[in-house]
Number of protein chains: 2
Amino acid sequence: MDALEAIRDKGLRLTPQRRLVYAALAEHAGHATADQLCSAISLKVPGFQRTTVYRTLDLLVELGLARRVQLGHASAYEAVRDGSELHQHLVCEVCGSTTDIWVPQLLDGVRTATSQIGFELDQVELVGHGRCRACARQLA
Amino acid sequence: MDALEAIRDKGLRLTPQRRLVYAALAEHAGHATADQLCSAISLKVPGFQRTTVYRTLDLLVELGLARRVQLGHASAYEAVRDGSELHQHLVCEVCGSTTDIWVPQLLDGVRTATSQIGFELDQVELVGHGRCRACARQLA
DNA sequence: TTATATGCAAAGCCTTTGCAGAATT
DNA sequence: AATTCTGCAAAGGCTTTGCATATAA
């Protein structure tokens, strides 16, 4: 559980707040907005600051412990776990829920296209928009 | 040139401002932010309102004449043209430039993955992050 | 003529920044 | 003890909203 030691390894400080943000992120199975994380933490620590959440998330992203994802117009964060680099996101336009999917060969396809034009690819973000199973049924 | 008649068909009004926004969007080969469009239009019509640009873009998106794309943290718009649904975007993290690419079978792959879980897919947005050819060279 | 659109100003998100006091190492 | 972090308040982008006036139909 101490991926967080990476913080100390950088000569930075492992504060209670940073542990809380990381823990909240890890508990939130999928992805969470800064605001959701702050609300979750506030249940235990009333008055926890959004500012601190943002600053900590920036740090975690920089250390490679978290990843920022853009779902539609909303930004969210997810903990980086082994293999989790590979999933992609679906956003339901009706209920707003998000689902993870795995598209085989996606990365290969994109790498092929980018290498042809000399673009050095770091990361691929894919977001699908539509209606989740539940909402699709209700509308049918 | 009168895709814009779709506006009148909806019982709405085809104003000079709406023509200007649409024209600016069509001229901007790739994608443009609301602000870029507003600046461009302001050269001809000083004092043109950002508000109007936003409202018009919303309308164009609703009518299917424009598409909103999310490039990293920035929102941009592009005119919808035949076949243009199929391209995807690369963002250079160094210079901020964006490039269009075409990834064959991308949509097929995503459709396969979504259909398995009953998600009704409307649109797929893919953004690759990295360094464009020019920036990659300078750093090498 | 009448409903719709624009201009302007103001408010609303989400996120970042500045600074003094608190806390980690 | 020294430097880094947090809390708070305030500012900053981008986008939306409200309302009176102007305008398309």
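In the text below, chain A, chain B and the rest are named by the order of the sequence lines, each starting its count at 1.
When distances are taken from the side chain of B:Thr51 to each of D:dT17, C:dT6, D:dT6, the shortest belongs to D:dT17. Closest to the B:Thr15 side chain, of the nucleotides C:dT25, D:dA24, D:dG7, is D:dA24. Side-chain proximity of B:Leu12 to the nucleotides C:dT24, C:dT4, C:dT17 is greatest for C:dT4. Of the candidate nucleotides D:dT16, D:dC8, C:dT25, D:dT16 has the atom lying nearest to any side-chain atom of B:Tyr54. Taking the side chain of A:Arg13 as heavy atoms from C-beta on, and the options C:dT6, C:dT24, D:dA25, the nearest nucleotide is C:dT24.
Nucleic acid contact class of B:Gln49 (heavy atoms, under 4.0 Å, all strands): base. B:Arg18 comes within 4.0 angstrom of sugar-phosphate atoms only, judged by non-hydrogen atoms across all strands, and of no base.
Rounded to whole Å, atom P of D:dC14 lies 15 Å from atom CG of B:Leu57. Per the geometry, CG belonging to A:Leu37 stands 14 Å off C1' belonging to C:dC14, to the nearest Å. In this structure, B:Ile41 places its CD1 atom 10 Å from P of C:dG7, rounding to the nearest Å. As rounded to whole Å, 15 Å separates atom P of D:dA24 from atom CG of B:Leu4. At whole-Å resolution of the value, CD1 in A:Ile7 and C1' in C:dA23 are 15 Å apart. Here the P atom of nucleotide D:dC14 and the OH atom of B:Tyr77 are 13 Å apart, to the nearest Å. We find that CG of A:Leu71 is positioned 15 Å from C1' of C:dC14, with the value rounded to whole Å. One atom, CD of A:Glu62, and another, P of C:dT16, lie 13 Å apart when rounded to the nearest Å.
Distance alone, capped at 3.5 Å, places no donor-acceptor pair between the A:Gln123 side chain and the B:Gly128 backbone. Distance alone, capped at 3.5 Å, places no donor-acceptor pair between the B:Gln88 side chain and the B:Val127 backbone.
OP1 or OP2 of C:dC14 has not a single side-chain nitrogen or oxygen of A:Arg50 nearer than 4.0 Å. Between B:Gln17 and D:dT23, a side-chain N or O to OP1/OP2 separation shorter than 4.0 Å is absent.
Each of A:Thr33 and B:Thr52 was matched to the nucleotide of DNA chain C holding its nearest heavy atom; the match closer to the 5' end belongs to B:Thr52. Where A:Gly47 and B:Ala74 meet DNA chain D, the nucleotide closest to each residue was compared, and A:Gly47 sits on the side nearer the 5' end. Toward the 5′ end of DNA chain D lies the nearest nucleotide of B:Ser75, the other residue of the pair B:Arg55 and B:Ser75 mapping further downstream.
The residue from B:Leu126, B:Val69, B:Thr99 that alone fulfils the side chain to side chain contact (heavy atoms under 4.5 Å, CB included) condition with B:His89 is B:Val69.
A:Ile7 CD1 to A:Glu5 CD: the interatomic distance, rounded to the nearest 0.5 Å, is 8.5 Å.
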*What's the verdict on side-chain contact (heavy atoms from CB on, under 4.5 Å) for A:Tyr54 and A:Gln49, showing C-alpha distance, side-chain angles and the deciding distance?*
CA-CA 9 Å; A:Tyr54 280 112; A:Gln49 293 293 115; over 6 Å; no
